[in-house]
There are 2 protein chains.
Amino acid sequence: MKSDKISEAVVRRLPVYLRYLNELHKREVATVSSQELGQRLDLNPAQIRKDLAYFGDFGRKGIGYDVIYLIEKIRQILKLDQQINVVLVGAGNLGHALSNYNAFLKDNMKIVAVFDAHTAKVGTRINNLTVLPMEELSDTIQKLSIRIGIITVPDIEAQNVADMLVAAGIEAILNFAPVILKAPSHIRIHTADFTTDLQSLAYYLDNGKEEMNNDTAEAGH
Amino acid sequence: MKSDKISEAVVRRLPVYLRYLNELHKREVATVSSQELGQRLDLNPAQIRKDLAYFGDFGRKGIGYDVIYLIEKIRQILKLDQQINVVLVGAGNLGHALSNYNAFLKDNMKIVAVFDAHTAKVGTRINNLTVLPMEELSDTIQKLSIRIGIITVPDIEAQNVADMLVAAGIEAILNFAPVILKAPSHIRIHTADFTTDLQSLAYYLDNGKEEMNNDTAEAGH
DNA sequence: TAGATTGTTAATCGATTAACAATC
DNA sequence: TAGATTGTTAATCGATTAACAATC
């Protein structure tokens, strides 16, 4: 296939493929079919073939996909064949948690600087990084060629931080504040919102299950 | 409208509406139109009207939606008119971060118990909760009528924890481990995966911008 | 050669958006 | 009455899935 506009849905599946392919590679599996992938990832095999075919002819008819080759190709597509530097703004609990995820972020993404607006936080250490004051944000982003920003500040501060990141030349933002950020259209923004996730889960709870537990069905309740 | 099968996309927008409506309410705005909502939330007004109309006739022609009434209705739809108890498994950094989000989770969702498999963690305090050992998981879920589980354990343990949660009668899971969990189909699972989020952001980075910064274009680099 | 599996086209399905009569 | 805005139908758009010729 090649060309055509690639939809966001397709792009968001690529990291999922990559993760499982890495696992297969670790297990020394050499080749995988779209059917196997689909089974494991709960996706339609045709969809997987189509997704991959947007970017090139990576498979071999009758054989499947070479695991190592496909890993290499997907990493290229996702631009993970180069190191991508990431800045984290907000050194609270969530910021701490994410900076530890560097383990997961192995695939060439690295948090290289942490910032916080509160003087109490500045100078403390997160993993092997010293928390810096916001005044140094712009300079640091430029000096370290940081391209992605993660926002883990309280929601009232999020838009302000986003503006600073954009002004400093960041290209994409992963936002954990429950807020809809405004930014120029060339800035890619993804908002990860636990609140929304949890509340929509609640919708699927099964009501009409008001049976009593026998062991608590005593008088006095 | 009413009836029809409600798609997940619709359900996932409801909490977004709710959040903004709460904000309007705090600002003492009495009424809002689908157009205003759409503008603020980056959504098509027709879509918002349609979403809401799945559940009832909440608006008034020529006027718009009564903010307080619509908040009440959406909370009912999402089952947030009753307290929903949540259990958190995994008392690491991310678990800590989430338990603080209780502030955000105000709308009747509450983390009422925290568990961890590591004896070092058991007995420590997270916010106002004592971390409990896994042996007590099932009993606690039953005693406290816990309906939703949040998984913040390392990925190798995630499936195991999910199985335990399911066995204990949980109805929905919010999973933060980068793993595709298997569970019976009546269990609702949502996986929130930072790795995937970040890697798909990388795709949108603009390559072909290798212009030199003037201020660093010196010899010796 | 027979079996497996891709890449791709065509068919289907579902979600978004436009348009407008109803009505406050 | 004139203006605004809903709820809903019809039109559009886009994404998923089925089917199959090509070919390893």
Side-chain angles (χ1 to χ4, degrees), chain A residues 1-17 20-21 24 29-74 77 180 200 203, chain B residues 1-17 20-21 24 29-74 77 180 200 203:
Chain A
M1 194 179 285
K2 280 277 201 181
S3 79
D4 266 342
K5 258 73 204 164
I6 311 293
S7 81
E8 199 184 318
V10 174
V11 173
R12 289 186 64 81
R13 281 191 293 269
L14 295 178
V16 179
Y17 301 153
Y20 184 55
L21 288 164
L24 287 176
V29 177
T31 283
V32 67
S33 70
S34 61
Q35 191 171 68
E36 283 173 69
L37 279 170
Q39 200 143 33
R40 186 51 164 264
L41 302 177
D42 268 334
L43 295 171
N44 183 298
Q47 183 172 60
I48 295 174
R49 293 201 297 280
K50 200 161 199 269
D51 283 356
L52 296 174
Y54 280 114
F55 302 99
D57 290 3
F58 301 148
R60 283 209 292 159
K61 294 189 171 74
I63 308 288
Y65 298 90
D66 183 277
V67 171
I68 293 180
Y69 181 69
L70 191 52
I71 287 175
E72 186 193 323
K73 283 305 177 182
I74 294 182
I77 295 162
I180 292 165
S200 59
Y203 173 81
Chain B
M1 192 179 286
K2 279 276 199 181
S3 81
D4 267 339
K5 258 72 204 165
I6 310 293
S7 81
E8 199 184 318
V10 173
V11 174
R12 289 186 63 81
R13 281 192 292 270
L14 295 178
V16 179
Y17 301 154
Y20 184 55
L21 288 164
L24 287 176
V29 177
T31 283
V32 66
S33 70
S34 60
Q35 190 170 68
E36 281 173 70
L37 280 170
Q39 198 143 34
R40 185 51 164 263
L41 303 177
D42 267 334
L43 295 170
N44 184 298
Q47 183 172 61
I48 295 175
R49 294 200 298 279
K50 200 159 198 269
D51 283 355
L52 296 174
Y54 279 114
F55 303 98
D57 290 3
F58 301 149
R60 284 210 292 160
K61 294 188 171 75
I63 309 287
Y65 298 90
D66 183 277
V67 171
I68 293 179
Y69 181 69
L70 191 52
I71 286 174
E72 187 193 322
K73 283 304 177 184
I74 294 182
I77 295 163
I180 292 166
S200 60
Y203 173 82

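Below, chain A is the first sequence line, B the second, and so on; all start at residue 1.
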Just the dot-bracket of DNA chain D, please: which string comes out with Watson-Crick or G-U pairs under 3.5 Å, [ ] for crossing, | for another strand? ..||||||||||||||||||||||

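- Under the 4.5 Å side-chain criterion, counting only non-hydrogen atoms from C-beta, B:Phe55 is not in contact with B:Lys73.
- At least one side-chain heavy atom of B:Tyr203 sits under 4.5 Å from a side-chain heavy atom of A:Ile6.
- Between B:Gln35 atom CD and D:dG7 atom C1' the separation is 16 Å, expressed in whole Å.
- Remark: C1' of D:dT17 and NZ of A:Lys50 are 10 Å apart, rounded to the nearest angstrom.
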A:Arg12 vs A:Glu8, test: side-chain contact (heavy atoms from CB on, under 4.5 Å). Steps then yes/no. CA-CA 6 Å; A:Arg12 289 186 64 81; A:Glu8 199 184 318; 3.8 Å; yes

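- Going from atom CD1 of B:Ile48 over to atom C1' of C:dA18 covers 15 Å, rounded to whole Å.
- Regarding A:Asp42, its CG atom lies at a distance of 15 Å from the C1' atom of D:dT16, rounded to whole Å.
- The side-chain hydrogen bond (donor to acceptor under 3.5 Å, both in side chains) check on A:Gln35 picks up nothing, with sequence neighbours excluded.
- Residue B:Phe58 is the one, among B:Phe58 and A:Val10, whose nearest nucleotide of DNA chain D lies closer to the 5' end (criterion: closest heavy atom).
- For A:Gln47, the side-chain contact (heavy atoms from CB on, under 4.5 Å) partners two or more places apart in sequence, or in a different chain, are A:Arg13, A:Leu43, A:Asn44, A:Asp51.
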Sub-3.5 Å pairs of nitrogen or oxygen atoms, protein against nucleotides 20-24 of chain C:
{"residue": "C:dC24", "atom": "O4'", "partner": "B:Lys61", "partner atom": "O", "Å": "3.2"}
{"residue": "C:dC24", "atom": "O3'", "partner": "B:Arg60", "partner atom": "NH1", "Å": "3.2"}

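- With rounding to whole Å, B:Asn44 atom CG is found 15 Å from D:dG7 atom P.
- Rounded to whole angstrom, the span from the CD atom of B:Glu36 across to the C1' atom of D:dT5 amounts to 11 Å.
- When rounded to the nearest whole Å, the span between CZ of B:Phe55 and P of D:dT6 equals 17 Å.
- In this structure, CG on A:Leu41 lies 8.5 Å from CG on A:Leu21, to the nearest 0.5 angstrom.
- Closest of all the heavy-atom pairs between B:Pro15 and A:Ser200 is CG-N, 3.9 Å.
- Side-chain N/O atoms of B:Ser34 include none lying less than 4.0 angstrom from OP1 or OP2 on D:dT5.
- The side chain of A:Ser33 has C:dT6 as its nearest neighbour among C:dA19, C:dT6, C:dT8.
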Any N/O pairs under 3.5 Å between the protein and nucleotides 13-15 of chain D? List them or say none.
none

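- Put simply, the side chain of A:Ile180 reaches to within 4.5 Å of the side chain of B:Val16, judged on heavy atoms.
- The shortest heavy-atom contact between B:Leu52 and B:Phe58 is O-CE1, 3.8 Å.
- Residues that satisfy the side-chain contact (heavy atoms from CB on, under 4.5 Å) test with A:Thr31, not counting sequence neighbours, are A:Ile63.
- Counting heavy-atom neighbours within 6.0 Å of B:Glu72 CD, excluding the residue itself, gives a total above 12.
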